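The structure appears below as structure tokens.
If you're wondering where the values come from, they're calculated on a predicted model, not measured in any experiment. The first residue in the sequence is number 1, and the count goes up from there.
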Amino acid sequence: MTITEDDSNIYIDDYIIPKGREKADIKARENVVWAMLGKWLSINPLKRKKNIDLKDYIYLRFDGMQETVNKAARKYTSTMAVFELDFLLANAVKIGTDKPQSKRQDKFAEMIIMNVNTPAFLPYFDKVKMLVGITKQKKDAKKIQYSITAIEPVE
């Protein structure tokens with residue numbers, strides 16, 4: 001993966017990620033995140049990845065993808081984090097749990113809070129926070145990737 005930048009954009013391979021906060025910048029980042037999620041799904045038709053810490057699969061589903069797009073498009077660093085989706089799903093470590101905090105999260109019984117250090121992107125961000133929802137089915141509960149947010153370095 002090749003990363004370059006100028007004052008306005010980050011360039012990762014063939015993708016342009018605007019750094020700005022304007023509506024057009026956010027929309028452009030949303031398109032990049034959808035493209036990356038689509039690319040990941042085309043390589044992973046089972047829509048899941050085994051997480052080392054949880055010793056279970058984390059699935060990608062539409063509602064989680066939609067929330068990921070919403071969260072990851074807000075900041076260009078979070079958009080960049082989606083490029084490491086495979087790594088995040090496999091290597092994120094559980095740091096806690098929480099009850100669903102919004103109407104959109106009500107379909108989940110519990111939310112797992114996970115972090116992962118991402119040295120490939122330093123100094124853009126130190127780690128990534130990933131929320132994973134546990135579905136309410138008692139017998140066959142699944143872990144669904146819900147959102148991704150880059151955590152900025154402390155200065």
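Closest approach of T135 to K142, counting heavy atoms only: OG1-N, 2.7 Å. Contact detail for A72 and V82: the closest heavy-atom pair is CB-CG2, 3.7 Å. Annotation for P18 and A28: closest pair CG-CB, 3.7 Å, computed over non-hydrogen atoms. Heavy atoms only, all atoms of each residue included: K71 and S147 are closest at CG-CB, 3.8 Å. When all heavy atoms are compared, the tightest approach of I134 to K143 is CG1-CG, 4.2 Å. What you find for I17 and M80 is that their closest heavy atoms are CD1-CG, 4.0 Å.
Remark: W34 CH2 to T68 OG1 distance equals 8.5 Å, nearest 0.5 Å. Between the NZ atom in K23 and the CG atom in D25 there is a gap of 12.5 Å [rounded to 0.5 Å]. For the atom pair CG of L85 and CE of M65, the computed distance is 9.5 Å after rounding to the nearest 0.5 Å. The distance from atom CG of L60 to atom CG of N44, rounded to the nearest 0.5 Å, is 8.5 Å. Interatomic distance, I10 CD1 to E5 CD, rounded to the nearest 0.5 Å: 4.0 Å. Residue M114 holds its CE atom at 9.5 Å from CG of N91, rounded to the nearest 0.5 Å.
Residues passing the salt bridge (charged side-chain N to carboxylate O under 4.0 Å, His left out) test with K129: none are found, sequence neighbours excluded.
Between the side chain of D98 and the backbone N or O of I113 there is no donor-acceptor pair closer than 3.5 Å. Side-chain atoms of T77 never come within 3.5 Å of backbone atoms of A150 as a donor-acceptor pair (strictly under, hydrogens ignored). With K19 contributing its side chain and D6 its backbone, the two residues share a donor-acceptor pair below 3.5 Å. Side chain of Q105 to main chain of Q101: a donor-acceptor pair is present (N/O by atom type, distance under 3.5 Å, no hydrogens or angles). R29 contributes a side-chain N or O that, together with a main-chain N or O of R74, makes up a donor-acceptor pair within less than 3.5 Å. No donor-acceptor pair under 3.5 Å is formed between the side chain of K49 and the backbone N or O of F87. Under a 3.5 Å cut-off, the side chain of R104 and the backbone N or O of G64 do not form any donor-acceptor pair.
Side-chain atoms of V69 and L37, non-hydrogen and from C-beta on, do get closer than 4.5 Å to each other. The shortest side-chain heavy-atom distance between Y15 and T79 does not fall under the 4.5 Å cut-off. You'll find the side chain of L89 reaches within 4.5 Å of the side chain of Q145, heavy atoms only.
Remark: K107 engages D63 in a salt bridge, criterion side-chain N to carboxylate O under 4.0 Å. With salt bridges taken as basic N to acidic carboxylate O contacts below 4.0 Å, none links E22 and K27. Comment: K94 does not engage D53 in a salt bridge, judged by the lack of any side-chain N to carboxylate O separation of less than 4.0 angstrom.
In this structure, K47 forms no cation-pi arrangement with Y59, as its terminal cationic atom is not both closer than 6.0 Å to the ring centre and no more than 45° off the ring axis.
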Verdict with reasoning, W40 to M36, per side-chain contact (heavy atoms from CB on, under 4.5 Å)
CA-CA 6 Å; W40 189 89; M36 291 312 302; over 6 Å; no
For V128 and N115: C-alpha separation, side-chain torsions, deciding distance, then whether side-chain contact (heavy atoms from CB on, under 4.5 Å) applies.
CA-CA 6 Å; V128 173; N115 278 353; over 6 Å; no
Step by step, work out the side-chain contact (heavy atoms from CB on, under 4.5 Å) result for I95 and I112.
CA-CA 8 Å; I95 61 166; I112 301 172; over 6 Å; no
Assess the residue pair N51 and K55 against the criterion (side-chain contact (heavy atoms from CB on, under 4.5 Å)); give the C-alpha distance rounded to whole Å, side-chain angles, the decisive distance to 0.1 Å, and a yes or no.
CA-CA 6 Å; N51 178 271; K55 297 176 180 60; over 6 Å; no
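Transitive grouping of hydrophobic side chains (ILVMFWY, heavy atoms separated by less than 4.5 Å) brings I148 and F62 into a common cluster. The hydrophobic cluster containing Y57 does not contain L88, counting ILVMFWY residues as joined when their side-chain heavy atoms lie under 4.5 angstrom apart, directly or transitively. In this structure, V132 is not a member of the same hydrophobic cluster as M111, with clusters built from ILVMFWY side-chain heavy atoms closer than 4.5 Å. Linking Ile, Leu, Val, Met, Phe, Trp and Tyr residues whenever their side-chain heavy atoms come within less than 4.5 Å leaves V93 and I58 in two separate clusters.
More than 12 non-hydrogen atoms from other residues, nucleotides or ligands lie less than 6.0 angstrom from NZ of K50. Around atom CG of D14, no more than 12 heavy atoms belonging to other residues, nucleotides or ligands sit under 6.0 Å away.
Hydrophobic clustering, defined by side-chain heavy atoms of Ile, Leu, Val, Met, Phe, Trp and Tyr closer than 4.5 Å, groups I16 together with Y11.
Classified by interplanar angle (parallel below 30°, tilted 30° to 60°, perpendicular above 60°), the ring pair Y146/F108 is perpendicular.
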